[in-house]
Number of protein chains: 2
Amino acid sequence: MKWDELKHEDCPVARGLSVIGDRWTMLVLRDCFLGIRRFDQIQARLGITRHVLADRLRKLEAENVLRREQYQDRPARFEYRLTDKGKALYPVLVSLIAWSEQNVPAEGESGISLLSRETGEKLRPVLTDAATGKPITHRSVTVRVKGG
Amino acid sequence: MKWDELKHEDCPVARGLSVIGDRWTMLVLRDCFLGIRRFDQIQARLGITRHVLADRLRKLEAENVLRREQYQDRPARFEYRLTDKGKALYPVLVSLIAWSEQNVPAEGESGISLLSRETGEKLRPVLTDAATGKPITHRSVTVRVKGG
DNA sequence: TTGACAGGTTCCAAAATAGAACTTAGTGAT
DNA sequence: ATCACTAAGTTCTATTTTGGAACCTGTCAA
């Protein structure tokens, strides 16, 4: 199978990755969540080639994860903002950060940390089920595989 | 920057992606969470080339996300099992599934669904802060960027 | 008229992936 | 003993994707 065919799969993991599973894509979105929205800024921070960045932004716009917005004319200049669909990726990003901080040690200092606006303390993300309020673990879930 | 250099970054997003951000890697892990542990089974389900699968499994073992375990000798046969570090990725996977189901419509039926073992209902994952029990959103979090 | 800024595009070389065939070590049937 | 089959890889070539650098366009300011 080719990567492009992923979007036609039934599995939600495959479909999700067809949108955000490309190299660099989640790092572009990280920058958008940090408020960095302009081509040159993202490119400089990531050290990604302009070529690839242009491609990723185009795809994310086509998928309605980012919205390309003109912030000045003459000359026309654009920035990229998260749509609601893009903002909905926040739990994925935060879960990834939490996993990394616990399981992938930094060589120096870890670059960013997330603080609760309410308590000022370091965030301790736990994925819970809305119905019960209890943490979701591998054990607390059954998987129903459809059509197979 | 090259993809391989990501692991030396300070940012936890970058470090995490250096482990699981490769093409196909999360799909391999999805299969492991579903209990599919053997080379040929994973390869057949994913339609990934054997070459790439062997490479991914090697890297995941090197990163201690999977453990290669012999399940018979004569001839020697191996399977791949999630380590604790691998199991800790469950919230990332579930968040991704939840995002996909809400934001990336399937063409036919969505392949799998997750049910609460306790209620039997469809899982509704919410990322909460352990300290307050409240949902984590873009708005409820402040980001501290270190050394910058 | 020269330089800077911003957001790209174009080109070529290097690296990764797709697809298929081949290898190795056994098992069981003919 | 020969053949077919299983499982877990490896090897090969062709195609795609990235990496890196240079170039293009429109506008302003010196």
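Below, read A as the first sequence line, B as the second, and so on, with proteins coming before strands; counting in each chain starts at 1.
- Residue-to-nucleotide proximity on DNA chain C shows that, of P75(A) and A54(A), the 5′-proximal contact is made by P75(A).
- Comparing dG8(C), dA8(D), dT27(C) by their closest approach to the side chain of F78(A) singles out dG8(C).
- Regarding contacts with the backbone of dG9(D), a side-chain N or O of R68(B) is found under 4.0 angstrom from either OP1 or OP2.
- For D40(B) and dC5(D), the CG to P distance is 15 Å, given to the nearest whole Å.
- Counting to the nearest Å, the P atom of dA18(C) and the CG atom of L27(B) are 12 Å from each other.
- Between the side chains of Y71(A) and R77(A), no donor N or O sits under 3.5 Å from an acceptor N or O.
- Between the CZ atom of R58(B) and the P atom of dA16(C) there is a distance of 13 Å, rounded to whole Å.
- Legend: residues meeting side-chain hydrogen bond (donor to acceptor under 3.5 Å, both in side chains) with Q43(A), ordered by chain and number and at least two apart, are R50(A).
- Between D73(A) and R38(B), the residue anchored nearer the 5' end of DNA chain D, judged by the nucleotide with its closest heavy atom, is R38(B).
- Side-chain contact of S140(A) with R117(B): a donor-acceptor pair under 3.5 Å is absent, judged by distance alone.
- For L6(A) and dA18(C), the CG to C1' distance is 14 Å, given to the nearest whole Å.
- Applying the side-chain hydrogen bond (donor to acceptor under 3.5 Å, both in side chains) rule to R58(A) yields no partners; only residues at least two apart in sequence or on another chain are considered.
- Within the structure, the side chain to side chain donor-acceptor pair (under 3.5 Å) test picks out no pair touching residues 84-94 of chain B (sequence neighbours left out).
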In residues 19-28 of chain A, what donor-acceptor pairs under 3.5 Å come from side-chain atoms, sequence neighbours left out?
unit_1, atom_1, unit_2, atom_2, d
D22(A), OD1, R23(B), NH2, 2.6
R23(A), NH2, D22(B), OD1, 2.7

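- The CD atom of Q70(B) sits 13 Å away from the C1' atom of dG26(C) (whole-angstrom rounding).
- Between Y71(B) and the phosphate of dA8(D), there is a side-chain N or O to OP1/OP2 separation shorter than 4.0 Å.
- For the pair Y80(A) and dA6(C), the criterion of a side-chain N or O lying under 4.0 Å from OP1 or OP2 is not met.
- Here dT6(D) presents its C1' atom at 9 Å from CD of Q72(B), a figure rounded to the nearest Å.
- Within the nucleic acid shown, R77(B) comes within 4.0 Å of at least one base atom, counting heavy atoms only.
- For L53(B) and dT11(D), the CG to P distance is 16 Å, given to the nearest whole Å.
- In this entry the distance linking CZ of R74(A) with C1' of dT25(D) reads 15 Å, nearest Å.
- A side chain to side chain donor-acceptor pair (under 3.5 Å) check over residues 126-136 of chain A, counting only residues at least two apart or in different chains, returns the pairs K134(A)-E118(B).
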At a cut-off of 3.5 Å, list every protein nitrogen or oxygen paired with a nitrogen or oxygen from nucleotides 16-23 of chain D, distance to 0.1 Å.
unit_1, atom_1, unit_2, atom_2, d
dT18(D), OP1, R56(A), NH2, 2.6
dT18(D), OP2, R56(A), NH2, 3.0
dG19(D), OP1, W3(B), N, 3.4
dG19(D), OP2, W24(A), NE1, 3.2
dG20(D), OP2, M1(B), N, 3.2

